[in-house]
Undergrad: 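Quick one: the structure is below, questions incoming.
Each residue takes its place number in the sequence, starting with 1. All values below come from the heavy atoms of this structure, side chains included, with hydrogens, waters and symmetry mates left out.
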Amino acid sequence: MRINEEIRAREVRVITDGGEQLGIMSAREAYAIAVERHLDLVEIAPTAKPPVCKIMDFGKYRYEQQKREKEARKKQKTFDIKEVKLRPGIEDHDFGVKLKAAQRFLEDGDKVKVTIMFRGRELSHPELGETLLTRMAGELKETAVVERVPKLEGKNMIMIVAPKPNK
């Protein structure tokens with residue numbers, strides 16, 4: 001955004017900070033008016049013919065713009081991916097502990113990556129891992145939706161679940 005002497009156009013359309021149009025004039029005249037009012041001349045539409053410039057307090061304008069951007073960032077929801085790792089021969093109690101951890105992550109609004117880690121000959125029975133992941137998805141169906149179906153990647157089988165969107 002160009003301000004004051006940085007404006008290169010010969011003629012500009014000038015608007016006051018109150019929204020009143022002063023018309024088309026040379027950039028020097030517009031800058032002189034801005035200086036007279038102790039304000040800045042800011043180019044707000046450089047692609048228009050002629051470019052549109054507004055007489056305003058640039059510092060205050062920049063501050064307001066930063067405040068709006070900060071508010072917009074606050075309203076954005078960021079998703080963290082938390083991971084729960086299991087083994088194919090996991091016992092029921094341990095499965096319950098991992099399930100509660102996954103539920104807690106989902107309640108906090110995070111996505112959960114459920115990983116089954118295979119070692120050695122366990123890799124010859126990927127259906128065991130798939131059964132576990134299906135069971136996990138079934139237990140979480142009230143609070144979560146499966147975002148990525150179970151898939152074997154190297155020695156790990158991975159499934160990603162995300163919190164259900166609120167209605």
Undergrad: Within the structure provided, determine whether V12 and P50 are in side-chain contact (heavy-atom separation under 4.5 Å).
TA: no
Undergrad: Which pair of heavy atoms, one from R87 and one from I116, lies closest together, and at what distance?
TA: C-CG2, 4.3 Å
Undergrad: Heavy atoms only: give me the nearest L41-A30 pair and the separation to one decimal.
TA: CD2-CB, 3.7 Å
Undergrad: For R121, which residues count as a side chain to side chain contact (heavy atoms under 4.5 Å, CB included) partner, sequence neighbours excluded?
TA: none
Undergrad: Between D92 and R135, does the salt bridge (charged side-chain N to carboxylate O under 4.0 Å, His left out) criterion hold? Intermediate values first, please.
TA: CA-CA 11 Å; D92 286 338; R135 179 176 164 200; 3.5 Å; yes
Undergrad: Between D17 and K60, is the closest basic N to carboxylate O distance under 4.0 Å?
TA: no
Undergrad: Taking atom CG of L86 and atom CG of D94, what is their separation to the nearest 0.5 Å?
TA: 9.5 Å
Undergrad: So is K155 actually on top of F118's ring, under 6.0 Å and inside 45° of the axis?
TA: no
Undergrad: Test side-chain contact (heavy atoms from CB on, under 4.5 Å) on V114 and M136; report intermediate values, then the result.
TA: CA-CA 9 Å; V114 185; M136 180 72 83; 4.2 Å; yes
Undergrad: Other residues, nucleotides and ligands only: do more than 12 of their heavy atoms fall within 6.0 Å of CD on E91?
TA: no
Undergrad: Would you say the side chain of I33 lies within less than 4.5 Å of the side chain of V14, judging by non-hydrogen atoms?
TA: no
Undergrad: L152 and I158: same hydrophobic cluster, using ILVMFWY side-chain contacts below 4.5 Å?
TA: no
Undergrad: CZ of R37 to OG1 of T16: how many Å apart, nearest 0.5 Å?
TA: 6.0 Å
Undergrad: Provide the closest heavy-atom pair for V145 versus P163 in the form atom of the first, atom of the second, distance.
TA: CG1-O, 4.4 Å
Undergrad: Might you point out which heavy atoms bring P88 and L128 nearest each other, and give the distance in Å?
TA: CB-CB, 4.5 Å
Undergrad: Please test L99 against L140 for side-chain contact (heavy atoms from CB on, under 4.5 Å), starting from the C-alpha separation and ending with a verdict.
TA: CA-CA 8 Å; L99 178 68; L140 295 171; 3.7 Å; yes
Undergrad: Going by side chain to side chain donor-acceptor pair (under 3.5 Å), name the residues that satisfy it together with Q66, two or more places apart in sequence or in a different chain.
TA: none
Undergrad: Using the side-chain contact (heavy atoms from CB on, under 4.5 Å) rule, take L22 and M25 through it: C-alpha gap first, then chi angles, then the decisive distance, then the call.
TA: CA-CA 8 Å; L22 298 180; M25 60 181 76; 3.9 Å; yes
Undergrad: For residues 95-117, which residue pairs qualify under side-chain hydrogen bond (donor to acceptor under 3.5 Å, both in side chains), counting only residues two or more places apart or in two chains?
TA: E83-T115, K111-E147
Undergrad: Rounded to the nearest 0.5 Å, how far apart are CD of Q65 and CZ of R62?
TA: 9.5 Å
Undergrad: Check the hydrophobic clustering (I, L, V, M, F, W, Y; side-chain heavy atoms under 4.5 Å; chains of links allowed) and say if M159 and I81 are grouped together.
TA: no
Undergrad: Mind checking the CZ-CD spacing from R28 to E11? Nearest 0.5 Å is all I need.
TA: 13.0 Å
Undergrad: If I take atom CD1 from residue I15 and atom CD1 from residue I55, how far apart are they, to the nearest 0.5 angstrom?
TA: 10.0 Å
Undergrad: Are M117 and I160 connected in a single hydrophobic cluster, I mean Ile/Leu/Val/Met/Phe/Trp/Tyr linked by side-chain heavy atoms less than 4.5 Å apart?
TA: no
Undergrad: Please say whether more than 12 non-hydrogen atoms of neighbouring residues, nucleotides or ligands are located less than 6.0 Å from CZ in R148.
TA: yes
Undergrad: With sequence neighbours left out, what residues match I44 under side chain to side chain contact (heavy atoms under 4.5 Å, CB included)?
TA: V42, V52, K54, M56
Undergrad: Nearest heavy-atom pair of M157 and P126: which atoms, and what distance?
TA: CE-O, 3.5 Å
Undergrad: Starting at CZ of F58, measure out to CD1 of I3 and round the result to the nearest 0.5 Å.
TA: 5.0 Å
Undergrad: Listed by chain and number, what are the side chain to side chain donor-acceptor pair (under 3.5 Å) partners of N4, not counting sequence neighbours?
TA: D40
Undergrad: Write down the atom of P51, the atom of A9, and the distance for their closest heavy-atom approach.
TA: CG-CB, 3.6 Å
Undergrad: Given E71, which of K67, K74, R73 fulfils the salt bridge (charged side-chain N to carboxylate O under 4.0 Å, His left out) condition?
TA: K74
Undergrad: Would the distance check show the side chain of E64 and the main-chain N or O of Y61 forming a donor-acceptor pair, the cut-off being under 3.5 Å?
TA: no
Undergrad: Less than 4.5 Å apart, side chain to side chain, heavy atoms only: is that true for F105 and D80?
TA: no
Undergrad: Go through the structure and list residues passing side chain to side chain contact (heavy atoms under 4.5 Å, CB included) with E36, not counting sequence neighbours.
TA: none
